[in-house]
Amino acid sequence: PLGLPQIFLNASPGERAGDYLICVGTITEQNNCLLLAQLARQAQTPILFVGKPYFENDPYWKKFHARLDQRWVRHQRHVTDPQAMLALLRHARGAVMMSQFENWCLAAHEAAACGLPVLLPAQKWSRERFGDEAHYFTGDASRDVEILKRFYEQSPTLPPPRIRLYSWKEVAEQLRAIYEDLLKTSR
């Protein structure tokens, strides 16, 4: 499993008073930021994207940046301070991710720790980790517009995922046991 810093494990649920959903991650094609921005405009659902591109001259970043309207598609540069990230998450109505490639998702775990409902791509990792505790995109753009709009409208009253969250120490202890077993069998 993924571990979380103690600041997230100790976080109490936020007030969710913001008028936006939050999407945290690098602004890249793998994270489907352009598609999610397009869905946000179609659904008239404000999404705050928090992240940075790999580099400022990246063509994907330039396309994404051109879609910023600060109404439906908003952007906040990458946040390195955990306290500042915690504040953004606790203020959001819910969290949304649309990544194509994940193996569990740290941003989704941090959002859950802050008491946010999550809307995720229907992939093996998300189903494995969140099961029925999350909401899911279908991969069909017209249906996903409606899913996003409904999630936004309902998010202030939706419960956060009730999943087990781990500290990095707990993850290290689990990995230690696995490595010890591997060492025993390789001798």
Side-chain angles (χ1 to χ4, degrees), residues 1-28 30-33 35-37 39-40 43 45-52 64 72-139 144 147-168 170-171:
L2 291 174
L4 292 177
Q6 209 58 46
I7 190 170
F8 288 99
L9 293 173
N10 294 338
S12 58
E15 69 278 359
R16 295 200 243 174
D19 69 339
Y20 60 88
L21 299 174
I22 191 166
C23 178
V24 178
T26 307
I27 309 299
T28 65
Q30 295 89 328
N31 287 336
N32 272 328
C33 298
L35 176 58
L36 188 54
L39 292 176
T45 299
I47 297 178
L48 173 64
F49 291 83
V50 180
K52 62 182 178 179
F64 174 80
W72 310 121
V73 183
R74 305 171 186 178
H75 180 251
Q76 161 76 47
R77 295 296 288 180
H78 176 69
V79 176
T80 57
D81 176 35
Q83 197 69 36
M85 180 55 73
L86 194 65
L88 286 172
L89 287 166
R90 294 184 72 239
H91 194 68
R93 292 171 73 123
V96 58
M97 286 90 192
M98 200 176 225
S99 175
Q100 299 175 50
F101 309 106
E102 290 286 345
N103 184 15
W104 293 14
C105 176
L106 189 58
H109 287 78
E110 290 173 347
C114 292
L116 295 180
V118 294
L119 175 58
L120 304 170
Q123 295 177 345
K124 184 179 180 201
W125 74 267
S126 56
R127 296 281 186 189
E128 173 186 80
R129 187 64 185 116
F130 289 90
D132 292 337
E133 297 292 317
H135 303 266
Y136 296 99
F137 286 111
T138 64
D144 287 345
I147 288 169
L148 180 62
K149 187 177 188 80
R150 190 174 338 109
F151 180 76
Y152 176 78
E153 291 166 354
Q154 295 174 353
S155 60
T157 60
L158 292 173
R162 292 177 303 268
I163 61 169
R164 173 78 162 89
L165 299 170
Y166 298 90
S167 70
W168 281 115
E170 291 171 309
V171 170

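Side-chain atoms are counted along with the backbone in the values below, which use heavy atoms only and exclude waters and symmetry mates.
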**Prompt:** Side chains of Arg90 and Cys114: closer than 4.5 Å at any heavy-atom pair?
**Reply:** yes
**Prompt:** Can you find a pair of side-chain heavy atoms, one from Pro117 and one from Arg16, that are under 4.5 Å apart?
**Reply:** yes
**Asked** Just how far is it from atom NZ of Lys52 to atom OG1 of Thr28, taken to the nearest 0.5 Å?
**Response** 12.5 Å
**Message:** Quick check on the 6.0 Å ring-centre criterion: do Phe130 and His109 meet it?
**Reply:** yes
**Message:** To the nearest 0.5 Å, what is the distance between OH on Tyr136 and CD on Gln123?
**Reply:** 10.5 Å
**Item:** Within 6.0 angstrom of Asn10 CG, more than 12 heavy atoms from elsewhere
**Value:** yes
**Request:** Taking the side chain as every heavy atom from C-beta outward, state whether Asn31 and Ser99 have any pair of such atoms under 4.5 Å apart.
**Result:** yes
**Request:** Taking the side chain as every heavy atom from C-beta outward, state whether Asp19 and Arg74 have any pair of such atoms under 4.5 Å apart.
**Result:** yes
**Prompt:** Do Tyr166 and Leu2 have side chains that get closer than 4.5 Å, going by heavy atoms?
**Reply:** no
**Message:** Show, in sequence, the C-alpha distance, side-chain angles and deciding distance for Leu148 and Ile47, and conclude whether the side chain to side chain contact (heavy atoms under 4.5 Å, CB included) test is met.
**Reply:** CA-CA 10 Å; Leu148 180 62; Ile47 297 178; 4.1 Å; yes
**Asked** To the nearest 0.5 Å, what is the distance between CD (Glu110) and SG (Cys105)?
**Response** 8.5 Å
**Asked** Do the non-hydrogen side-chain atoms of Val73 and Phe64 ever get within less than 4.5 Å of each other?
**Response** yes
**Prompt:** Which value, rounded to the nearest 0.5 Å, describes the distance between His135 atom NE2 and Leu120 atom CG?
**Reply:** 9.5 Å
**Item:** Set of side-chain hydrogen bond (donor to acceptor under 3.5 Å, both in side chains) partners for Gln100, sequence neighbours left out
**Value:** Asn32
**Asked** Quick one: salt bridge (Lys or Arg N to Asp or Glu O under 4.0 Å) pairs with a partner in residues 155-167, sequence neighbours left out?
**Response** Glu133-Arg162, Arg164-Glu170
**Request:** Kindly compute the distance separating CZ (Arg93) from OG1 (Thr157), expressed to the nearest 0.5 Å.
**Result:** 9.0 Å
**Request:** Calculate, to the nearest 0.5 Å, the distance between atoms CG and CG belonging to Leu4 and Leu165 respectively.
**Result:** 5.5 Å
**Request:** Indicate yes or no: at least one non-hydrogen side-chain atom of Tyr20 is less than 4.5 angstrom from one of His91.
**Result:** yes
**Item:** Glu15 atom CD, neighbour heavy-atom count above 12 within 6.0 Å
**Value:** yes
**Request:** Using side-chain contact (heavy atoms from CB on, under 4.5 Å) as the criterion, point out the one residue from Val96, Leu21, Leu36 that pairs with Leu119.
**Result:** Val96
**Message:** In the structure I gave you, are the side-chain heavy atoms of Trp72 and Leu39 within less than 4.5 Å of one another anywhere?
**Reply:** no
